[in-house]
Every structure is written in structure tokens, then in C-alpha cells.
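Written out below as C-alpha cells is the structure these notes cover.
These numbers come from a predicted model, not from an experiment. Convention: sequence-line order gives letters A, B, ...; per-chain numbering from 1. What's counted below: heavy atoms across the whole structure, side chains too, no hydrogens, waters or symmetry copies.
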Amino acid sequence: MQQYWLMKSEPDECSIDDALAAPDATVPWTGVRNYQARNFMRDVMRVGDGVLFYHSSCPQPGIAGVARVASGTRPDPTQFDPGSPYFDPKSSPEKPRWLLLDVQALQKTRLIGLPELRAAPELADLQILQRGNRLSITPVSEDHWRFITEQLMR
DNA sequence: GCCAACGTTGGC
DNA sequence: GCCAACGTTGGC
């Protein structure tokens, strides 16, 4: 059964435009360093799942596009690279700790900012809107997915 | 730059 | 296993 996700990306690192410009509009989702998010990728996310592409840590945070999960997981190579900000000295190629999967951008949408998301009563319990939310990958219910893609993105 | 919230670390 | 200290996230 298909599921839905919201994935945060800093547009300075990889914006929806960057993803669309990549070969096949597909980018490896590097840099996840949180166990819960990793476990979502490894245990729950499946090829074909829907993804809300969210821009975070930027002047206008919000949903910027739609994407899909395009692969299963494999080790994130940046964890082995001492020059990478995502380097993890406790990880090794023999026992990789961090995984990534491919995300394929499908379309750029108008930016749906946080104020607009918060203004919709239908989205009151969207995880990204909850207090103290920090997780970079969160599940999105089918109702929320439909509301956002059908009502907000028009 | 501030700071609330939360995850991780490490001593005990 | 507890928990204080510390680091990170991310909106503002």
C-alpha cells in the first residue's frame, strides 16, 4: 500500500529546482543522521511512495514540490568522507550506520508556506506543524496528502 | 543571532 | 539505567 511522506531539504543544499535539474530528476537523499528518520527509510518507505518536498532553514520555509520515493536504501557514502559535514567517525563501510534512498522530483509547485499550512484546520495534526517538531522525514496521512495536493496546490 | 525543543553522549 | 551536559534543528 502506498504511503506518503514529508521530507525536509535545505534549498541551499538541494532545492526542488536542483532535484528537477538532476539526471532523471532523481537525487540521493544524503545527510539523514537521525535514527527515526533512517528507520522510516529502511523499514517503511517503499518505491512509489508520495513525497512532499519541503524547504527548511530558509527565508520561506514550506512545501515546494511533489516527489516520489525512487529506490530502496543503501549506505550513505557521505558518512565515510572525512571532508563531508555528514562524516561519522563511528561508522565504517563494514558496518554502515546511515542510509539513504533516491528521491525523484515530479513537479515544482507554488510555495505553500507555514502560515498557510497552519491556517488550514484540516492540517491541525500534520506532524510538521506540531510543537518542537524536528524530524526531517515524517509520515503524512492520506487525508493530509489529498488535502495538500488537491486543495492547496491548485 | 536567539532560543525552545529535542536527541545524543557519557559518567556514575 | 539515570540524567545532566551538550549539540543540533529550524522558525523567527
**Nucleotide-resolved protein contact map, nucleotides 3-10 of chain B, B/S/- at heavy-atom distance under 4.0 Å** = --BBSSS-
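By the ring pair (Phe, Tyr, Trp, His ring centres under 6.0 Å) test, A:Tyr54 is found to be paired with no residue, residues two or more places apart in sequence or in another chain being considered. Listed by chain and number, the residues in a salt bridge (charged side-chain N to carboxylate O under 4.0 Å, His left out) with A:Glu13 amount to none (sequence neighbours excluded). Residues forming a salt bridge (charged side-chain N to carboxylate O under 4.0 Å, His left out) with A:Asp17 (at least two apart in sequence, or on another chain): A:Lys108.
Ring centroid separation for the pair A:Trp98 and A:Phe80 does not come in under the 6.0 Å cut-off. Taking the ring centroids of A:Trp29 and A:Phe40, they lie at or beyond the 6.0 Å cut-off.
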**Request:** Verify salt bridge (charged side-chain N to carboxylate O under 4.0 Å, His left out) between A:Arg97 and A:Asp76, making sure each step is shown before the conclusion.
**Result:** CA-CA 9 Å; A:Arg97 176 178 297 199; A:Asp76 179 347; over 6 Å; no
**Message:** Apply side chain to side chain contact (heavy atoms under 4.5 Å, CB included) to residues A:Ile128 and A:Val140 and explain how you reach the verdict.
**Reply:** CA-CA 9 Å; A:Ile128 191 85; A:Val140 173; over 6 Å; no
**Message:** Show, in sequence, the C-alpha distance, side-chain angles and deciding distance for A:Arg146 and A:Asp143, and conclude whether the salt bridge (charged side-chain N to carboxylate O under 4.0 Å, His left out) test is met.
**Reply:** CA-CA 5 Å; A:Arg146 264 206 308 270; A:Asp143 285 348; 3.1 Å; yes
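Looking at A:Ser15 and A:Asp18, their side chains do bring a donor and an acceptor atom within 3.5 Å of each other.
Residues of residues 52-67 of chain A having a heavy atom closer than 4.0 Å to DNA chain C, listed by number: A:Tyr54, A:Ser56, A:Ser57, A:Pro61.
The rotation axes computed at either terminus of the helix from B:dG1-C:dC12 to B:dC12-C:dG1 lie 10° apart, taking five pairs at each end and rounding to 10 degrees.
At least one donor-acceptor pair under 3.5 Å links the side chain of A:Arg118 to the backbone N or O of A:Leu129.
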